[in-house]
Structures are given as structure tokens and as C-alpha cells.
Amino acid sequence: MSAEADVLIVGAGPTGLTLACDLLRRGVTCRIIDRSPGPQEGSRGFGVKPRTLAVFDALDIAGPVLEAARADGHLRVYLGTDPIHTGRREPATPTADTPYPDSVSLPQWRTEAILRARLAELGEKVRFGASLAGLDQDADGVTATIAADGEERTLRTAYLVGCDGGGSTVRKLLGIGFPGRTEEDTRALLADVEVRGLEPRDAVHLWLGERRMMAVRPWPGAATSQVVVSIAPGQAVEPSVEELTRLVAEHSGRDDIRLGTPAWLSVWRYNLRLADRYRSGRAFLAGDAAHVHSPFGAYGMNTGVQDAYNLGWKLALAVQGRAAPGLLDTYEAERRPAGKAALDASDRGLSSAVTPPRVLRPVLRLVIGALLSRMRSDGRDDHPTYHDGPLSVQAIRRGRVRAGDPAPDGVLTTPRGDRIHLYDLYRAPGFTTLSFDPERRVRVETAGGATPDTYDDPDGTARGAFGVRPGTTVLIRPDGYIGLVARTSGPERAAYLDRVLAR
């Protein structure tokens, strides 16, 4: 553990693994440690949203994730003991500009396993059983003290990132505040367990009630389900199969639901907290180390993955000496508001689930039906935008998308007649510039001096995905977000790159 590394990542959950994979593919060395003796068990974060799938696409793991996952299209809702709604929708059809239109379900342990496999392909592995014992910063880097195998060793690194969860050691060592609230009476049992007697098997079953909630969500391709069942205020509960069975019967009003032996069982307590800062010198926070909230809305894992993908390219440029002054400060400027938005949205979701509106059942059925239909996503409603961020410049009238939005996919044709997706172009480690001309051609170039390529857009689908006129240039950041929309003939592209890159 004494070897040098460009970046030390503390915590090997989805956030830390995403960051490690992204840095390695950008040519940056890193070490990733985790205090746990081995990979975490438990489904925990279950939903993978479209924007996260786009990140996984860039990391070359979207295929394995989709093969292992399932789209949630069947929902059965109960008010008390009575079923009040059953709805099913077919998965949305991917389109040229929206290749990942749906959220999918995948237990977090499986997502982490896929990320670890990709990490190994990139030549790195997690050092389990290693914890951060101390850190010292100076103008040139960070000296980290790492405890492992009964010994303490030091590692010298340019930057350090804490992805080590709500109880983050990194955050505490940096002295960064974590204000918010903990509601001791808002608790739930979480379990991964085989559920028998609950039909239909492929449905997500959701019970709502006054200050109570229960959800049973089946795993893709397995008999096991994730069970989340709320605990009444003041009720003493030990995490055991007996307590889980009792609570399931109490919430469902049924005695015919049978549970196996839980593979994982935990008590969850409601925390809503946001770090005062995401950066202290050469150290950063990401994921749950920076923000914790309720699991409703599947914001936790997805927000952490997007934290990592926002930070990765900026750290890579800094390590390579190519970042303009202030670029690393844009991480907090963009991602802390995103963390705040996720906290607010998940808090509203929890409040709605445990205190459903007191309306007539026919009206409630219509409301639930509308919510079910809105589960389908166009790939752009599950992420924050950076419209007002320091790296977003809209120099001309807005189109379908604008600076600060994630760039859509699209299909171009090479001079040889082959089809190529824009996502494949965005996967390059630098900036990507698309210049749309009046002849339905697109000039593609990357920052760094590579020879531009010209592709055909015969049906105008790529330009239509952006909603821009001929003569428009769109600059795509290395994380797939739009940085600049301007006239091709204008000086804005050069000025933008001067702001971001050391020239």
C-alpha cells in the first residue's frame, strides 16, 4: 500500500467503483480501498435510472447491467389490506436519441459485482479490509495513513475522494459538517428473502397506510425479493425473521405470505443530511459521504454514480496538468445543488408513501394510474441539469436541449456507409464538438488536435435530437453533458475551452 497513486478512493460501493473505472479509462492511476472484509451483501439500492445507464454505457458495462436487470412494468397497490390498483406497462422501445428509456431493477450487490469486473479489466482491484486512519494535505498532494492487516502504512496521492458512506471517515477527518436530521421513529426492516404466496410473482407489491408502508420487489430471475416494511414509532424491533414475518402479516392483513431465511436483514433509520462542502483542498466527498436521504425514488445510488462521473474527468485533467484554475471547484458548484434536489425529492416521496392523500378510492386509482404511466422516462427526467452552472454557456436561442442538459444519443453515417452512435463518440476521454451544416452533415472533432471527421445525418435525426438549426456547434463535455451551444462561425468554442483547459 506504499505505492504512489494519482487518486486514492476510500469506499468501494457504486460511487467509488464508478469513479475508479472512469479514472482508469482516462489514463489516471488510482487505488480503491474499503474497510469491509469483502463485498457488501444486500440489495440496498435497487433502481438503475436512464442517466446512470448512460454512464454505464460510457464505462462499457451497460450491456451486462441490462442482461442482469429487469424493467419494472407491473405494479400492484393496496390501501390497507385491499388491492386498489393493478397496472402493467410494456418496456419502452429505445429510439435513436434515447437508447435507455426506462429505469431497471437490479440489486446493488449485483451492480457492484459488474463494476468490480470492469475494474479488473482495467487492471485494478479493491483492497478490502483496508481503512483510512489519517490524512495530511500539502500544496502538492495528500499523505494517507491506511490501516490493513494490523499495520499502518502511508500512501502518497495527488487527490483523495471519500466515497465511504453516511458515516464517512474522510468527511470527519476533513472536519466537514453534515447538517440535517435523523428521525428515530421513522424506521423500516429491509430484507432480501424468498417470498411465497404473493401473486403475481413479477409484480412490485406496495401497501400504503396511515404512517405505514410495505413494499415487496422481486429480484430479476430469482425467487428472492427485496422486502421493505415500516416499523411503528416507539416499537422495539430486533432484526430477525420472526419480526419480519410478523410485520409482513400486520401490514398486509394476510397470514398466507411465507418467508424464507433472509440472505440479508437490516434496520434502516431515516436520515436527511447534506455536507456543508464537497471539497477541502485536495480531498473530495461523493455519494452518501456527501448526502443521505430516504430510499424513495432510487436517488441514492444513482446520485452517487453521477457525482463520480462529474468528478472523474475533472480530476483526470487536473492530474494531467491540463485543468484550468477553478475547474475542480465546479464539482461542488454543480453536484451539491443536485444532492439537495435529491434530498428534497426523496423526502417528498417518503411523505407521500406513508401518509397517502385522503381521497375517494376511484380518484386514488386514477392518481396511481397516472404515476404508473409516468414511470416511463425519456432519459432526461431522472437527472439534475446544470443550466445555471459555471460550465454551461448558451450563446444562441434554446433548442430541444440546452447547455447544462445531458447530450442525447443519435445515429450518424460514416463515409463508408456504416452507422455510428453519438454515445460512441462521447465515450472518447476529451471534449466532443458537433457542428451541424446545412447539407445534413456533422463535423465531429475532439479537443486535443485530432483530425475532424465528417459524418452524414441523412434523415436529420441527430440534429433533431438537439433541436438546433444548421450552422450550430454543440460542445459536449467528457461526462456527456452539453457545455456550449453556439454558432459555428463564432468565437465561443475557443473561449470556452480556454476557460476549462490549461492552454
Notebook entry, point to check: Judged by atom type as modelled, is there a donor-acceptor pair below 3.5 Å linking the side chain of Arg70 to the main-chain atoms of Pro218?
Noted result: yes
Check: Are any of the side-chain nitrogens in Glu112 or Arg44 under 4.0 Å away from the carboxylate oxygens of its partner?
Finding: no
Note to self: Under a 3.5 Å distance rule, please check whether Ser252 uses its side chain to pair with a backbone N or O of Arg254 as donor and acceptor.
What the structure shows: yes
Next item on the list: Output, in order, the C-alpha distance, side-chain angles, deciding distance and verdict of side-chain contact (heavy atoms from CB on, under 4.5 Å) for Asp136 and Val142.
Entry: CA-CA 6 Å; Asp136 290 302; Val142 181; over 6 Å; no
Margin query: side chain to side chain donor-acceptor pair (under 3.5 Å) for Asp192 and Thr224? Distances and angles first, verdict last.
Written below: CA-CA 6 Å; Asp192 295 338; Thr224 306; over 6 Å; no
Notebook entry, point to check: Are Tyr309 and Asp22 side-chain neighbours, meaning at least one heavy-atom pair lies under 4.5 Å?
Noted result: yes
Notebook entry, point to check: So do the side chains of Leu327 and Leu391 get within less than 4.5 Å of each other, counting heavy atoms only?
Noted result: yes
Next item on the list: Check whether any side-chain heavy atom of Val216 sits under 4.5 Å from a side-chain heavy atom of Trp207, and report yes or no.
Entry: yes
Checklist line | Working for side chain to side chain donor-acceptor pair (under 3.5 Å), residues Tyr100 and Asp57 | finding: CA-CA 10 Å; Tyr100 305 112; Asp57 182 292; 2.4 Å; yes
Next item on the list: Kindly indicate whether the side chain of Trp219, heavy atoms from C-beta on, has any atom under 4.5 Å from the side chain of Glu194.
Entry: no
Next item on the list: Name the orientation class of the two ring planes belonging to Tyr423 and Tyr426 (parallel below 30°, tilted from 30 to 60°, perpendicular beyond 60°).
Entry: tilted
Note to self: Using the rule given for side chain to side chain donor-acceptor pair (under 3.5 Å), can you reason through Thr385 versus Asp405, listing the C-alpha separation, both sets of side-chain angles and the distance that settles it, and then say yes or no?
What the structure shows: CA-CA 5 Å; Thr385 58; Asp405 284 330; 4.9 Å; no
Notebook entry, point to check: Do Ile146 and Glu152 have side-chain heavy atoms sitting under 4.5 Å apart?
Noted result: no
Notebook entry, point to check: Between Cys21 and Leu122, what is the shortest heavy-atom contact and its length?
Noted result: O-CD1, 3.5 Å
Check: Checking side-chain contact (heavy atoms from CB on, under 4.5 Å) for the pair Arg273/His291: CA distance, chi angles, key distance, verdict?
Finding: CA-CA 6 Å; Arg273 297 184 179 276; His291 44 77; over 6 Å; no
Checklist line | Sub-4.5 Å side-chain heavy-atom contact between Asn310 and Arg335 | finding: yes
Item checked: SB check Arg246 Glu242 (cutoff 4.0 Å) -> no
Next item on the list: Answer whether the closest heavy-atom distance between the side chains of Val193 and Thr261 falls below 4.5 Å.
Entry: no
Notebook entry, point to check: Quick one: does Leu8's side chain get under 4.5 Å of Ile33's, heavy atoms only?
Noted result: yes
Checklist line | Which atom of Ser280 lies closest to which atom of Gln137, heavy atoms considered | finding: O-NE2, 3.0 Å
Next item on the list: Quick one: closest heavy-atom pair of Ile9 and Cys163, and the distance?
Entry: CG2-SG, 4.0 Å
Item checked: Test: Asp202 and Arg88 ion pair at under 4.0 Å -> yes
Next item on the list: Kindly say whether the aromatic ring centers of Tyr278 and Phe284 come within a distance under 6.0 Å.
Entry: no
Checklist line | Salt bridge present between Asp138 and Arg156 (N-O < 4.0 angstrom) | finding: yes
Next item on the list: Kindly give the heavy-atom pair with the smallest separation between Gly339 and Leu274, and that separation in Å.
Entry: C-CD1, 4.2 Å
Checklist line | Member of Met214, Met213, Arg217 meeting the side chain to side chain contact (heavy atoms under 4.5 Å, CB included) criterion with Val228 | finding: Met213
Next item on the list: Of all the heavy-atom pairs spanning Pro64 and Ile114, show the shortest one and how long it is.
Entry: O-CD1, 3.7 Å
Checklist line | Ion pair Arg201/Glu199, N-O distance below 4.0 Å | finding: no
Margin query: On a heavy-atom basis, which atom in Leu247 and which in Ser230 lie closest, and how many Å separate them?
Written below: CD2-O, 4.3 Å
